[in-house]
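A short worksheet on the structure shown next.
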Amino acid sequence: METVHTLELKEVTKKMKGENVVNHLSFGVRKGEIFGLLGPNGAGKTTTIRMIVGLISMSGGEILVNGLDIRKNYEKAMEQIGAIVENPQMYDYLTGYKNLMQYARIMPGVTRERIDEVVKLVELEQAIHKKVKTYSLGMRQRLGVAQALLHRPSLLILDEPTNGLDPQGMHDLRNYLRLLADQGTSIVVSSHILAEMELMCDRVAVIQNGKLIRIDNVTNVTDQAQARVHFLLQGSLNDAKSLLAEHFPEKTAEVSDKELIVEANTTQEIGDINKRLVEAGFLVYGIQLKKKTLEERFLEMTGKGGDLNEVSVAGQ
Ligand SMILES: Nc1ncnc2c1ncn2[C@@H]1O[C@H](COP(=O)(O)OP(=O)(O)OP(=O)(O)O)[C@@H](O)[C@H]1O
Ligand SMILES: [Mg+2]
């Protein structure tokens with residue numbers, strides 16, 4: 001049976017001033033998954049999110065929320081989404097709690113218990129009865145998430161949620177997003193910061209100029225990606241390199257300092273290479289496995305000098 005994605009985009013396109021700022025974008029977000037949209041400034045992340053939450057229309061394509069076409073079942077689909085796009089509107093002169101009450105009034109079925117529950121989730125209990133104008137950026141952001149969650153959406157969408165958060169704030173955000181995801185909420189977050197997406201998401205869609213470049217599974221990247229195996233040797237590294245070229249012609253080995261570096265992905269391969277080296281008389285005094293990070297994969301995939309290098313990899 002085909003699984004229904006919480007969110008599905010099919011060939012979604014947005015034309016602005018004659019240009020496709022979102023260009024035939026397709027992806028699906030599974031139940032309980034944290035899905036990242038990663039791309040440099042102007043890639044089309046916010047435009048995509050604005051279409052999903054119905055703030056702007058699509059020029060082409062289809063968006064489904066739990067199988068419902070947002071154009072045909074607009075209200076039903078929107079009931080299932082909670083979102084923060086740009087700065088959520090808050091009444092500064094009211095307390096956080098009163099703000100949530102205001103919102104609850106227009107949302108059917110939101111009880112005081114539910115308000116307390118979301119306040120607890122985003123850890124805003126201490127400040128909830130203070131006026132929003134006294135809130136820090138991080139506290140405002142928590143209040144925004146609380147508001148987006150009040151009606152128990154099955155899909156939570158946050159555009160650049162870590163903007164302006166300190167390390168503790170980011171850590172807390174990651175924790176409560178994971179908690180929500182574990183309870184079955186599907187979450188879409190956008191960012192131009194690779195390292196952040198890697199920590200926060202299960203899968204990351206890389207977007208450039210409105211197009212999907214690829215979707216990467218974050219856990220696979222660290223668990224199953226090809227590892228670089230560093231053999232620490234005594235003896236001529238160049239001889240060792242030639243030996244490998246002879247016996248493992250499909251492998252490319254690099255020589256650096258005291259190491260011979262080979263890409264390998266099975267323990268059998270690593271064992272075989274080690275055996276060859278030892279049998280040929282090299283003293284192998286260390287074998288280190290260095291898995292490729294998402295960052296390395298990302299740079300490999302986009303190529304040095306490509307536009308995607310604008311994406312910050314250092315958290316800037
Ligand atoms: N109202 C508009 N009219 C014309 N072009 C627009 C409009 N809004 C956005 N664009 C263009 O669409 C492209 C994508 O913008 P978008 O805001 O979706 O990017 P983004 O990925 O969210 O970037 P950022 O990381 O800066 O938030 C940009 O080239 C932008 O100039
Ligand atoms: Mg944006």
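Residue numbers run from 1 in the order of the sequence given. Every number for a ligand or one of its atoms is a count from 1 in the order of the listing.
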Under a 4.0 Å N-O cut-off, is there an ion pair linking K275 with E279?
yes
Please check if a non-hydrogen protein atom sits closer than 4.0 Å to atom 2 (C) of ligand 1.
yes
Protein heavy-atom contact under 4.0 Å for atom 31 (O) of ligand 1?
no
So which heavy atom in the protein is nearest atom 25 (O) of ligand 1, and how far is it from that ligand atom?
K45 NZ, 2.7 Å
Among T47, N41, I56, which residue places a heavy atom closest to atom 15 (O) of ligand 1?
T47
Look at atom 4 (C) of ligand 1 and say which protein heavy atom is nearest, naming residue and atom and giving the distance to 0.1 Å.
M16 SD, 3.7 Å
CD of E75: more than 12 outside heavy atoms within 6.0 angstrom?
no
Less than 4.0 angstrom from a charged side-chain N to a carboxylate O is my criterion; do K251 and E269 meet it?
yes
Would you say the side chains of S191 and E196 form a donor-acceptor pair under 3.5 Å?
yes
Of the backbone atoms (N, CA, C, O) and the side-chain heavy atoms from C-beta on, which set of V21 has a member under 4.0 Å from an atom of ligand 1: side chain, backbone, both, or neither?
side chain
Indicate whether the side chain of N23 and that of T13 have a donor and an acceptor atom separated by less than 3.5 Å.
no
Any ion pair linking E8 and R30 (charged N to carboxylate O, less than 4.0 Å)?
no
Just to check, does G44 reach to within less than 4.0 Å of ligand 1 when the distance is taken from its heavy atoms?
yes
Is T46 close enough that one of its N/O/S atoms sits under 2.8 Å from the Mg ion (ligand 2)?
yes
Passing option when D92 is tested against K130, K98, R140 for salt bridge (Lys or Arg N to Asp or Glu O under 4.0 Å)
R140
May I ask you to say whether R114 pairs ionically with D116, meaning some side-chain N is under 4.0 Å from a carboxylate O?
no
Does ligand 1 have an atom under 4.0 Å from some heavy atom of K14?
no
Best match, S190, G42, A43: closest heavy atom to atom 28 (C) of ligand 1:
G42
For atom 27 (O) of ligand 1, grab the closest protein heavy atom and report residue, atom and distance to one decimal in Å.
T46 OG1, 3.8 Å
